[in-house]
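For this chain, numbers begin at 1 and follow the sequence in order.
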Amino acid sequence: MPEPGASVLPPTPPAHSPLFRAEQFVWLTARVLEQRLFAYHFLNGAADPVETALDAYRNEDGGYGHALEPDLRGPVSQPLHVGHALHVLDAVERCGGQRVDRVCRYLTSVSTPDGALPAVHTGQRGYPTAPFIPVVDDPPSSLLATGPVVGLLHRNEVWHAWLFRATDFCWQAVESLEKSHPYEIEAAVAFLDSAPDRPRAEAAADRLGRLVRDQRLAVLEPDNLDSCAVPTGYAQGEHHFPHDYARRPRSLARAWFTDDEMSRSLDHLVGEQQEDGGWPVRWRQWTPGILLEARPMATIQALRTLRAYGRHIG
């Protein structure tokens, strides 16, 4: 029997591999959804528990809400929440069937006149929202919201009437980009990586790659961050790196960067793992709870990116 005041728990094993350290961080801080996702990706977990956890965010209108995307609080469905949900379903190979058909009906109900998605629907008004995401009366079409959704649906060979005009919008928006910013470029890549017209996608991606380099939207020398400016409106330190655009080697964005540039980017990603085992978020944190919810997401994404490029994670 232990002496009074002595711990009855075994000592924590020493943290060593990136995966081991990240696992402890996830169990300590993550929502149930991210815990289930971590188990699916790295611990041979099943897909059913991920779907069950995701269902807690689903609404009767076919969309998703309840702060699935942490920067939008409140219960109402929003396109950005739906994009997040489709990303989860795609990750566990469940992006299809009646669930996605209901999602497409929701997307149809909130689309702009040109068939695209607004970043935020007016129903968000009255609920806490990140100050950098405006809620307006007549929200415009947004490539940031539409591109990833259209890309994921094409990637999973979903066919729905909503996709026709939304796809046309994405082509027009991507091919007319002149002055852009990193998150919009990421949305464009998410569309182009799965767009059905592959020659057209490759040509558009080649043009975007030149734009990214000309406008210095990617940090190519991570050891010299102090000399790298962030885009207007971004938080201090909210840099983007080659691995942010090309999260896997098969991405069209991979061709934008040399092998050395990508290697330095991945080295930097490895080095960003923090003492507690998690990865940081670089965007603006406007309330403490956001950071707690977002870091496990960033941690899972970092591990998946490193593994996709063959880096040892444990």
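A salt bridge (Lys or Arg N to Asp or Glu O under 4.0 Å) check over residues 296-309, counting only residues at least two apart or in different chains, returns nothing. For residues 189-215, the set of pairs meeting the ring-ring contact (aromatic ring centres under 6.0 Å, His included) definition, not counting sequence neighbours, comprises W171-F191. The salt bridge (Lys or Arg N to Asp or Glu O under 4.0 Å) contacts involving residues 105-133 comprise D101-R105, R125-D137, where partners must be two or more places apart or lie in separate chains. Residue pairs meeting the ring-ring contact (aromatic ring centres under 6.0 Å, His included) criterion with at least one partner in residues 55-101, sequence neighbours excluded, are absent. Within the structure, the salt bridge (Lys or Arg N to Asp or Glu O under 4.0 Å) test picks out the following pairs touching residues 278-288 (sequence neighbours left out): D244-R282, E272-R282.
Here CD of E238 is found 10.5 Å from NE2 of H181. Values are rounded to the nearest 0.5 Å. Put simply, CD on Q24 and OG1 on T29 are 11.0 Å apart, with the number rounded to the nearest 0.5 Å. Taking CG of L43 as the reference point, atom CD of Q35 lies at 11.0 Å (rounded to 0.5 Å). Taking SG of C170 as the reference point, atom CG of L143 lies at 6.0 Å (rounded to 0.5 Å). Distance CG/D260 to CG/L220: 11.5 Å, rounded to 0.5 Å. Going from atom CG of D71 over to atom CD of Q78 covers 12.5 Å, rounded to the nearest 0.5 Å.
Qualifying side chain to side chain donor-acceptor pair (under 3.5 Å) partners for S142, counting only residues two or more places apart in sequence or in other chains: none. For E23, the side chain to side chain donor-acceptor pair (under 3.5 Å) test picks out W27, with sequence neighbours left out. Residues that satisfy the ring-ring contact (aromatic ring centres under 6.0 Å, His included) test with Y183, not counting sequence neighbours, are Y234, H240. Residues meeting the ring-ring contact (aromatic ring centres under 6.0 Å, His included) test with F25, sequence neighbours left out: none. Scored by the side chain to side chain donor-acceptor pair (under 3.5 Å) test, D90 finds R155, N156 as partners (sequence neighbours excluded). Remark: F38 engages F42 in a ring-ring contact (aromatic ring centres under 6.0 Å, His included) (not counting sequence neighbours). Looking at residues two or more places apart in sequence or on another chain, you find a side-chain contact (heavy atoms from CB on, under 4.5 Å) between A47 and Y40, V92, R94.
With hydrophobic clusters built from ILVMFWY side chains whose heavy atoms lie under 4.5 angstrom apart, W279 does not share a cluster with M297.
Note on E51 versus R99: salt bridge recorded, some NZ/NE/NH1/NH2 to OD/OE distance being below 4.0 Å. The existence of a salt bridge linking R311 and D267 is confirmed by a sub-4.0 Å separation between a basic side-chain nitrogen and an acidic carboxylate oxygen. Salt-bridge annotation for R73 and E293: present, with a side-chain N of the basic residue lying under 4.0 Å from a carboxylate O of the acidic one. Electrostatic pairing of R295 and D276 counts as a salt bridge here, judged by a charged N lying under 4.0 Å from a carboxylate O. Using a 4.0 Å cut-off between charged side-chain N and carboxylate O, D168 and R165 make no salt bridge.
In this structure, the side chains of E34 and I300 come closer than 4.5 Å at one or more pairs of heavy atoms. Using a 4.5 Å heavy-atom threshold, the side chains of P182 and I185 count as separate. Residues H268 and D223 form no side-chain contact, since every pair of their non-hydrogen atoms from C-beta on lies 4.5 Å or further apart.
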Decide side-chain contact (heavy atoms from CB on, under 4.5 Å) for L266 and S263; before the verdict, give the C-alpha distance in whole Å, the side-chain angles of both, and the deciding distance to 0.1 Å. CA-CA 5 Å; L266 295 170; S263 180; 5.9 Å; no

So R254 and R248, side-chain contact (heavy atoms from CB on, under 4.5 Å) or not? Walk me through it. CA-CA 8 Å; R254 175 62 186 88; R248 60 187 190 275; over 6 Å; no

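R198 CZ: more than 12 foreign heavy atoms inside a 6.0 Å radius.
Looking at W256, its side chain does come within 3.5 Å of a backbone N or O of A205 through a donor-acceptor pair.
L163 and V150 make their closest contact through CD2-CG1, 3.9 Å (heavy atoms, listed as atom of the first residue, atom of the second, distance).
In the model, H243 has no side-chain atom that pairs as donor or acceptor with a side-chain atom of T305 under 3.5 Å.
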